[in-house]
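Scope of the values below: all heavy atoms of this structure, side chains included, with no hydrogens, waters or symmetry mates. All ligand and atom numbering here is 1-based and tracks the order in the structure. Bear in mind the structure is a predicted one, so any value in this text is a computation, not a measurement.
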Amino acid sequence: MSKKWFGIALSAALIGTAMCAIPAAAEEADVADKKVGICIYQFADNFMTLFRGELENYLVDQGFTAENITIQDGKNDINEQSNQIDAFIADGVDALIINLVDPSNAPTVTDKVVAAGIPLVYINREPEESEEQRWADNGWNVTYVGCDARQSGTYQGEIIADLGIDAIDFNGNGKVDYVMVMGDPANSDAQYRTEFSIKAVEEAGLEVNALRDTQIGNWQQEEGNRIVTNDLAQFADDLEVVFCNNDAMALGALEAIKAAGRTVGEDIYLVGVDALDEAIDDVIDGSMTGTVFNNHIAQADGAADAAIAFLAGEAQDVQQYCDYVKVTKENAEDIKALLQ
Ligand code: GAL
């Protein structure tokens, strides 16, 4: 299966990591009269709001007219999204960019979009590898543009492991006592971050102790707050590290931590993913231990480039990944500057 890594014109020195080369600009395609349909799994999601804004602006920069770009809110409802896709097909859009409500629905969606002869770019929620293999085997104009969520989990775990067991082990039991707040469990980002964050801590040689089973916060700040409020009441000083699959939930957890009179960096640690503005500020002032930059700019631009390339008749690799970036106090100011 063909896979490509890409990045955008971020200064590698600035963000302290090696980014991949900028993808060759898609072949000039005249897109002024092309219609693109975009399905977002739900507008009420902080990260996907950033992603969506960048996608729209970049498409306009590439020559699409604003009237020819239609973005639909799937409202986290499979049926709603399915109707939106049907309507885009009936309307004869030239390309579709889809953030699935449920990635397991990819085969059905792919089949109908391919049958209509419309090139398709999946974003954010990656379909199964077997599904991607099917696109490759059939030579269809279908690709996934996003990040490899395993990497974000690993970076979260490394941020914690790098603190060292002596700094983490407030209760002196020799273990990293943690709780996990998970995003939408049907989403591979949530599954991989949950698994790989803990794996990275263990691989660094630290012993871990889950204080309870993983709880589901569905990417939402209020849920992160509710779950961690309960955790703090139940586990009190034994709770040493809070892992959240994204920043929205981590921001909710931070409110709970403050309300319980605890202090990140002094008697507890907290990590998220996304690098939302507010989370970066929290990393800068020490109230979050770290986060992981989920590069919405590279992903949105990469998705648009893939759609444009399909319109120009260029085949695409079925998996197109960009790098996450670890964000700690050391580079948080730089990431903030980059995003302004
Ligand atoms: C993740 C992101 C989450 C949420 C989710 C939606 O990549 O970290 O905050 O937006 O996508 O699928």
Practice task
Report yes if some heavy atom in the side chain of L100 is under 4.5 Å from a heavy atom in the side chain of Q81; otherwise report no.
Solution key: yes
Practice task
Quick one: do R52 and D73 satisfy salt bridge (Lys or Arg N to Asp or Glu O under 4.0 Å)? Show the steps, please.
Solution key: CA-CA 11 Å; R52 165 162 63 97; D73 178 2; over 6 Å; no
Practice task
Indicate yes or no: does an N/O atom of Y41 lie under 3.5 Å from an N/O atom of ligand 1?
Solution key: no
Problem - Derivation and outcome, salt bridge (Lys or Arg N to Asp or Glu O under 4.0 Å), residues E203 and K199 - result: CA-CA 6 Å; E203 276 171 10; K199 216 182 218 172; 5.5 Å; no
Practice task
Give the residue and atom name of whichever protein heavy atom lies nearest to atom 1 (C) of ligand 1, and the separation in Å to one decimal.
Solution key: D189 OD2, 3.3 Å
Handout entry: Any N/O pair D274/ligand 1 closer than 3.5 Å
Key = yes
Exercise for the section: May I have the step-by-step check of salt bridge (Lys or Arg N to Asp or Glu O under 4.0 Å) for D77 and K75, ending in yes or no? Expected result: CA-CA 5 Å; D77 177 333; K75 301 187 183 134; over 6 Å; no
Fill in the blank from the handout: The atoms of ligand 1 lying under 4.0 Å from a heavy atom of F47, numbered in the order shown, are 2 (C), 9 (O), 10 (O)
Exercise for the section: Can you measure from CZ (R262) to CZ (F170) and round to the nearest 0.5 angstrom? Expected result: 8.0 Å
Practice task
Would you check the N or O atoms of R193, main chain and side chain alike, for any that come under 3.5 Å of an N or O of ligand 1?
Solution key: yes
Handout entry: Heavy-atom nearest neighbour in the protein, as seen from atom 12 (O) of ligand 1, with distance rounded to 0.1 Å
Key = N124 OD1, 2.6 Å
Handout entry: Closest protein heavy atom to atom 5 (C) of ligand 1, given as residue, atom name and distance to 0.1 Å
Key = W219 CE2, 3.6 Å
Exercise for the section: With heavy atoms only and a cut-off of under 4.0 Å, state how N187 meets ligand 1: side chain, backbone, both or neither. Expected result: side chain
Practice task
Kindly say whether the aromatic ring centers of Y122 and W135 come within a distance under 6.0 Å.
Solution key: yes
Problem - Closest protein heavy atom to atom 10 (O) of ligand 1, given as residue, atom name and distance to 0.1 Å - result: D45 OD1, 2.8 Å
Handout entry: Pairwise distance SG(C39) to CG(N99) - rounded to 0.5 angstrom
Key = 9.0 Å
